[in-house]
Each structure stands twice: as structure tokens, then as C-alpha cells.
Amino acid sequence: QVQLVESGGGLVQPGGSLRLSCAASGFTLDYYAIGWFRQAPGKEREGVLCISRRGTITHYADSVKGRFTISRDSGKNTVYLQMNSLKAEDTAVYYCARLGGNSCAAGPAYWGQGTQVTVSS
């Protein structure tokens, strides 16, 4: 059974940092492209960052470039999203997804349940 479980969200002040985790089960994530997406209330879900099977990084959102980093730990079968210099506009539910192909150009095929990130002072 394919499962993705996000964790690590919470409330942080502007300028703070969080590291989100996406733990995979039922498959080996090194064989797939894995992306992070986010959705704020009343807004469309948007892509944030993606890592391909080869390790190529795709920045879906220019607004997070230089602040967010995606990485994976093969031993833990987990993908991370390191979020630094957080802004109020980063507030959203963050989701990880297994994409339908090897590259980050593919669409999402499996979603996690999401984890809430709130940036507020």
C-alpha cells in the first residue's frame, strides 16, 4: 500500500524555520520524483519544490527560491522540506506527493494528508 505521511508543521514567527518530513511506505521513494505542494485557504494548490529520481531539483514557485530546500534520506525513505526565512504568505497546508513519472514534469499521483504551517507574529 502506497502511503505518504507529512509531519513537522506548526506555528512559527516570521523569519523562523521549520523542517517538514514526508515519510513513505509501500514503495522506495528513490525510484520516483517527489514534490512538495501547498494550499492556502481559498487559494489554488501550488507546487513548491520537487526532486526527481536522478536528484534534479525543480523550483515550482519562485517565491521560495533561496529559502526552501528539498532533500531525501534513502535510509529513512523520507523526503524533507527545509523552510527558512518564513513569511506570513507561506502559511498553508503543505503536502508531499509521489509524481506519476521519474521527472518533476509529471503530475502528482499519490498525496499525503498534509501538515499545517502557520507563520504569524
Side-chain angles (χ1 to χ4, degrees):
Q1 182 178 352
V2 172
Q3 284 191 308
L4 297 163
V5 179
E6 301 96 332
S7 62
L11 174 65
V12 297
Q13 296 188 152
S17 298
L18 283 175
R19 189 179 74 162
L20 307 184
S21 299
C22 174
S25 61
F27 70 99
T28 300
L29 60 80
D30 282 357
Y31 298 157
Y32 298 88
I34 306 294
W36 283 98
F37 301 78
R38 66 185 182 184
Q39 187 168 24
K43 304 292 184 180
E44 297 290 327
R45 188 172 298 186
E46 65 172 346
V48 180
L49 279 169
C50 178
I51 184 167
S52 75
R53 181 177 177 177
R54 296 185 302 164
T56 302
I57 306 301
T58 294
H59 299 271
Y60 292 130
D62 289 340
S63 62
V64 308
K65 193 171 185 178
R67 299 189 296 122
F68 292 9
T69 303
I70 190 170
S71 62
R72 61 187 172 200
D73 186 324
S74 297
K76 296 182 178 180
N77 209 32
T78 298
V79 171
Y80 301 97
L81 182 67
Q82 180 66 47
M83 309 165 66
N84 299 324
S85 302
L86 283 161
K87 305 174 181 179
E89 50 263 44
D90 295 318
T91 296
V93 177
Y94 284 72
Y95 302 87
C96 66
R98 193 182 92 179
L99 306 190
N102 294 333
S103 81
C104 294
Y110 295 92
W111 292 97
Q113 85 289 347
T115 186
Q116 176 71 48
V117 172
T118 302
V119 185
S120 177
S121 60

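Keep in mind the model is a prediction, meaning the values are calculated, not measured. What you see below is based on every heavy atom in this structure, not just the backbone, and it leaves out hydrogens, waters and symmetry mates.
- Thr115 is not listed as a side-chain neighbour of Ser7, based on a closest heavy-atom distance of 4.5 Å or more.
- Every side chain to side chain donor-acceptor pair (under 3.5 Å) that Ser17 has, sequence neighbours left out, goes to Asn84.
- Counting only residues at least two apart or on different chains, the ring-ring contact (aromatic ring centres under 6.0 Å, His included) pairs with a member in residues 30-50 are Phe27-Tyr32, Phe37-Tyr60, Phe37-Trp111.
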Show the numbers, then the answer: is there a side-chain contact (heavy atoms from CB on, under 4.5 Å) between Thr69 and Leu81?
CA-CA 6 Å; Thr69 303; Leu81 182 67; over 6 Å; no
Assess whether side-chain contact (heavy atoms from CB on, under 4.5 Å) is satisfied between Asp90 and Arg67, documenting all intermediate values.
CA-CA 11 Å; Asp90 295 318; Arg67 299 189 296 122; 2.8 Å; yes
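- Applying the side-chain contact (heavy atoms from CB on, under 4.5 Å) criterion to Gln113, with sequence neighbours excluded, gives Val5, Glu6.
- Residue Tyr80 shares its hydrophobic cluster (ILVMFWY side chains chained together at separations under 4.5 Å) with no other residue.
- Side chains of Asn77 and Thr28 form a contact here, defined as non-hydrogen atoms less than 4.5 Å apart.
- Here the straight-line distance linking atom CG of Leu29 with atom OG1 of Thr78 works out to 7.0 Å at 0.5 Å rounding.
- Cluster partners of Leu11 are absent, since no Ile, Leu, Val, Met, Phe, Trp or Tyr has side-chain heavy atoms less than 4.5 Å from it.
- One finds the CD1 atom of Ile34 at 6.5 Å from the CG atom of Leu99 (value rounded to the nearest 0.5 Å).
- Qualifying salt bridge (charged side-chain N to carboxylate O under 4.0 Å, His left out) partners for Arg19, counting only residues two or more places apart in sequence or in other chains: none.
- At most 12 heavy atoms of other shown residues, nucleotides or ligands fall within 6.0 angstrom of atom CD in Gln13.
- Cluster membership check: Val12 shares its hydrophobic cluster with Val64, using side-chain heavy-atom separations under 4.5 Å among Ile, Leu, Val, Met, Phe, Trp and Tyr.
- Here the closest non-hydrogen pair linking Ala97 and Pro108 is CB-CB, 3.9 Å.
- Nearest heavy-atom pair, Ala24 versus Leu4, reported as atom, atom and distance to 0.1 Å: CB-CD2, 3.9 Å.
- With contacts defined as side-chain heavy-atom distances shorter than 4.5 Å, the pair Gln3/Ser25 qualifies.
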Pair up each side-chain donor or acceptor in residues 40-52 with any protein partner under 3.5 Å, not counting sequence neighbours, and list the distances.
from	atom 1	to	atom 2	distance (Å)
Arg45	NE	Gln39	OE1	3.3
Arg45	NH2	Gln39	OE1	3.3
Glu46	OE2	Arg38	NE	2.8
Glu46	OE2	Arg38	NH2	3.2
Ser52	OG	Arg54	N	3.3
Ser52	OG	Gly55	N	3.3
Ser52	OG	Thr56	N	3.0

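- Partners of Val117 by side-chain contact (heavy atoms from CB on, under 4.5 Å), not counting sequence neighbours, listed by chain and number: Leu18, Leu20, Met83, Tyr94, Val119.
- In this view, Asp30 and Arg72 satisfy the salt bridge (charged side-chain N to carboxylate O under 4.0 Å, His left out) rule, not counting sequence neighbours.
- With sequence neighbours excluded, no residue forms a side chain to side chain donor-acceptor pair (under 3.5 Å) with Ser71.
- Between Thr58 and Cys104 the shortest heavy-atom distance is OG1-CB, 3.5 Å.
- Evaluation of the disulfide bond (SG atoms under 2.5 Å apart) test over residues 3-41, restricted to residues two or more places apart or in two chains, returns Cys22-Cys96.
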